[in-house]
Chemist: 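There's a structure below that I have some questions on.
What you are looking at is a predicted structure, and each value in this text was computed from that prediction instead of being measured. As the structure lists them, so they are numbered: ligands from 1, and atoms in each ligand from 1. Only this structure's heavy atoms are used, side chains among them; waters, hydrogens and symmetry mates stay out.
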Amino acid sequence: MPEVKIGADGKLQLPEDILAGLGLGAGDTVLIEMDGGKAVLSRAVAACPGVAAGQLRDAISRKNLEASMRFIRGVGPKMAELLAKKGIQVVEDALYHLPSRYEDRRRLRLIEELRPGWVEVFHAEVQVADAVVAKGGRRFFEAVVGDDSGSIVLKWFHCNPRYMKGVWQPGKKGIFTGEVVLYGSRREIHHPEVEWLKEGEDIASVVAGDPVNFGRTVPVYPLTEGLHQKALRKVLKEVVDSCSRSVATHIPDDIMVRRSLMPLTDALNEVHFPGNDADITVLNSHATKAHRTLAFDELFFFQLGLALKRQGTSLEDGIPFQISHKYTRPLLKMLPYSLTAAQKRVLSEIKQDMSCPAPMYRLVQGDVGSGKTIVALLAALLAVENDCQAAIMAPTELLAEQHFLNIHKLCEQLGIAVRLLSLAVKGKERTATLEAIASGTVQIVVGTHAVIQEKVLFRRLGLGIIDEQHRFGVLQRGGLKKKGACPHILVMTATPIPRSLAMTVYGDLSLSVIDELPPGRTPVATRVCSESQRSQVYRLIKDEVRSGRQAYLICPLVEESEKSELRAATQMAEHLAAEIFPELRIGLLHGRLKPEEKETVMASFKARELDVLVATTVIEVGIDVPNATVMVVEHADRFGLSQLHQLRGRVGRGSGHSRCILLAGGSLSDEARQRLKVMEETTDGFRIAEADLELRGPGDFLGTRQAGLPDFRVAHILRDARILEEARHEAFALVAKDPGLSAIENSLLRDELLWRWGGRLELAVVA
Ligand code: ADP
Ligand code: MG
């Protein structure tokens, strides 16, 4: 193997024989590409100093980052195992295992100096320690520790007193950390952390001998059982010192300057082991320049991927539609209402897209009841006017059927052929439907995911609409697209995703928001009730039914298990019919019913042949029965807020005053009560979604990975929303200037994008 050197000027010095073999001479520039783990010298490119050397340097750095943690000094097999439990296997994992908070240990304080409201670190000796029973019978463990300046009380509320007494022996010395609270006028610390000194050990020498853990602002890392803060700090110090050099970014210089970012190596050093002048408050809110740099870097590459993806789709040939108003105008005349300003605006955005040669990729977000269906239908009519077919896909049989009935009723009068295609359509009817779709006699197909099955062939699909997008996987979205030659795609969702999150998940789609409800709706009055108020709740249902209204009763979500959900709903329906409302007509709707059974139940509820409908969450999306004015949700605390909001959207659809009762279990935590209170306070889906996102984090919020949300290592979508926007702006501007990132000065950036996201990018965006 010939040796390759990098010269003082940063250029690669290739041996003569290799150059000769490539037909190159001194001064020529060569591109090195990585093929698996091997560097391959490929084409000669126009003079661009630095690219070849840069590629080799990157290849070496990446190898270093992929090195196992076992090669790190001080990491034995046992430590390696503990680290692996925390997801830290290679050097890069460790570098990006960032502190969750920081402690100011630049100087250990005297007890007399401890400030209420601060997390303080001090050194002291145990004076007394014992279990205590307070006046009200509450038990806890208390210790008093002191130094020359005074003493302070430490308390533990949940612990084993015998064990504690064994550990907290008078005379023992240690270093204590915890938040100082005021109890009356007395300062206390509850559940402090302690690092004991060995007997005879002297504090000054401990502090001096451990510059990682003392005399500085120290990082506090997320841990796992068996992994201790002090030890992890030492490992990370070693990794950061020896390996952070290998981390680099190829974000163009002008962006680095404009966004005032710092080199990644420096940023990692600062984030793990901040300098002595760092402000603890800024550190703890993850807002230092170093934190911002790391978040920007991560979000920039993600947005760059989305921008490229979008660029790719806009290069496809779509079908530019003419706007003739042939069907849309008569339809608007037929409606008993006029469109809201928001509906009109979104519709014109859709028209604008569909009259372009590039296919549309648009997400319409509108809160429950904002009137998305009619917007979808109008878009479908545009396709029909252009001699194209449209397909509308809904996530459940129930919803598909309901859409079909509504749309069919309207289209019949316009002379447009609409067909339903779902699992419920079988046998001869199915064959006939498939034939009609293939021959083009059907102009609008409404269905479930049956629409994207292999056997379904369209004559000329011009528009694919997906309702309630969040219920579908990414794959299905792609599936519909493949049913035509680049049809326009319209995606609709009622999950009011905060804008920042929408940009992340659906970053390759354009976004329209229907941010206005049709006039005349009274907001649904919502109340959280406890078990003790159950009889009042039943009385409310009775009263409403007596005045001609109907009610929903939603049964709990039992840990994802469809079986127990079913049992709960069935039992509830039986109990109500037999004991509570013997005089009322009770229906039952759950996921296990056959499609035609569901339809029968829904139809009789709609026709007012049932007074109360007991249902599981199958009712969640899109069902429209304006006469239903009460909804009771059992065990509301087990639902996500956004889901409750969706459920609640089933009432308040008519002009009558509607109510939603959230029944919560007896022993609700403060936090759960707080959470449900949001539902009482607002009917604004966006505010609810924000609250939900804050409380549960993005992964949970959208349910699963399938929503396409990547796991970010640094960035936090809410906290870093500003940075996300900046990163998006820069990434999209860059791709606009250099579509495909093919300019030579962007080649390292492009390599890096592929390396970072590789296969994951495909998953993260629309297929
Ligand atoms: P969602 O956005 O939740 O899918 P829908 O499309 O089901 O909402 O509409 C909810 C109800 O509002 C339907 O009964 C529909 O007929 C009605 N609607 C839609 N647009 C308007 C409007 N501009 N004015 C009055 N009612 C409307
Ligand atoms: Mg809908």
Side-chain angles (χ1 to χ4, degrees), residues 328-329 331-350 362-381 391-411 413 444 446-448 465-472 490-497 511-524 550 552 602 605-606 617-629 631 642-656 658 660 683-686 688-689:
T328 49
R329 203 162 276 159
L331 178 84
L332 289 172
K333 287 225 181 77
M334 277 157 50
L335 295 177
Y337 51 79
S338 49
L339 297 184
T340 61
Q343 283 171 318
K344 283 185 193 151
R345 188 188 64 238
V346 170
L347 197 63
S348 74
E349 284 164 356
I350 291 171
R362 187 168 283 277
L363 172 69
V364 173
Q365 239 186 70
D367 209 343
V368 271
S370 62
K372 293 182 294 296
T373 317
I374 197 69
V375 171
L377 177 58
L378 286 161
L381 293 184
I392 302 178
M393 203 159 91
T396 63
E397 298 275 326
L398 219 56
L399 198 54
E401 282 151 30
Q402 182 182 292
H403 276 334
F404 170 73
L405 291 174
N406 288 338
I407 290 172
H408 184 258
K409 207 165 58 194
L410 291 167
C411 285
Q413 305 172 50
I444 299 178
V446 181
T448 55
I465 300 174
I466 300 174
D467 194 15
E468 307 296 348
Q469 147 70 24
H470 67 288
R471 286 301 191 94
F472 286 103
L490 186 64
V491 175
M492 304 195 298
T493 181
T495 308
I497 305 166
L511 182 62
S512 289
V513 183
I514 309 186
D515 49 6
E516 182 186 354
L517 292 182
R521 302 258 171 92
T522 40
V524 180
Q550 291 160 284
Y552 293 106
M602 266 330 285
F605 189 61
K606 241 185 156 151
T617 49
V618 293
I619 204 82
E620 185 188 336
V621 269
I623 299 303
D624 196 20
V625 180
N627 191 48
T629 51
M631 169 170 287
S642 292
Q643 202 182 10
L644 285 175
H645 179 65
Q646 295 271 315
L647 285 168
R648 182 170 62 179
R650 300 309 108 218
V651 289
R653 305 214 125 211
S655 52
S658 294
C660 176
T683 50
D684 177 345
F686 282 84
I688 290 169

Chemist: Please work out which of K372, H403, R650, Q343 has its closest non-hydrogen atom nearest to atom 23 (N) of ligand 1.
Modeler: Q343

Chemist: At less than 4.0 angstrom from any non-hydrogen atom of S370, what atoms of ligand 1 do you find?
Modeler: 2 (O), 8 (O)

Chemist: Out of T373, V375, L335, whose heavy atom sits nearest atom 4 (O) of ligand 1?
Modeler: T373

Chemist: Using distance alone, with no hydrogens and no angle criterion, decide if T493 and Q365 have a side-chain donor and acceptor under 3.5 Å apart.
Modeler: no

Chemist: Please identify which atoms of ligand 1 are closer than 4.0 Å to at least one heavy atom of S338.
Modeler: 22 (C), 23 (N), 24 (N)

Chemist: What part of P626 sits under 4.0 Å from ligand 1 if we count only heavy atoms: the side chain, the backbone, both or neither?
Modeler: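 No part of P626 comes within reach of ligand 1.
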
Chemist: When rounded to the nearest 0.5 angstrom, what is the spacing between CD1 in I374 and CG in L410?
Modeler: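 It is 5.5 Å, given to the nearest 0.5 Å.
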
Chemist: Does some side-chain heavy atom of P395 sit less than 4.5 Å from a side-chain heavy atom of T448?
Modeler: no

Chemist: Could you check whether any side-chain heavy atom of H408 comes within less than 4.5 Å of a side-chain heavy atom of H403, counting everything from C-beta outward?
Modeler: no

Chemist: Check each heavy atom of L339 against ligand 1 and say whether those closer than 4.0 Å belong to the side chain, the backbone, both or neither.
Modeler: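 Backbone only; the side chain of L339 stays clear of ligand 1.
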
Chemist: When you look at L363 and S512, which way does the side-chain contact (heavy atoms from CB on, under 4.5 Å) test go after all the steps?
Modeler: CA-CA 6 Å; L363 172 69; S512 289; over 6 Å; no

Chemist: Please name the residue in the list I350, V346, L339, T373 that meets the side-chain contact (heavy atoms from CB on, under 4.5 Å) test with L378.
Modeler: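 Per the side-chain contact (heavy atoms from CB on, under 4.5 Å) rule, the option paired with L378 is L339, out of I350, V346, L339, T373.
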
Chemist: Closer than 4.0 Å to some heavy atom of T340 - which atoms of ligand 1 meet that?
Modeler: 23 (N)

Chemist: Judged by non-hydrogen atoms, does A376 sit under 4.0 Å from ligand 1?
Modeler: no

Chemist: Is the closest heavy atom of G369 to ligand 1 under 4.0 Å?
Modeler: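 Per 4.0 Å heavy-atom rule, G369 contacts ligand 1.
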
Chemist: Considering only NZ, NE, NH1 and NH2 on the basic side and carboxylate oxygens on the acidic side, decide whether K372 and D367 come within less than 4.0 Å.
Modeler: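 Looking at K372 and D367, the cut-off is not met.
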
Chemist: Report yes if some N/O of G371 lies less than 3.5 Å from some N/O of ligand 1; otherwise report no.
Modeler: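 G371 vs ligand 1: N/O contact under 3.5 Å present.
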
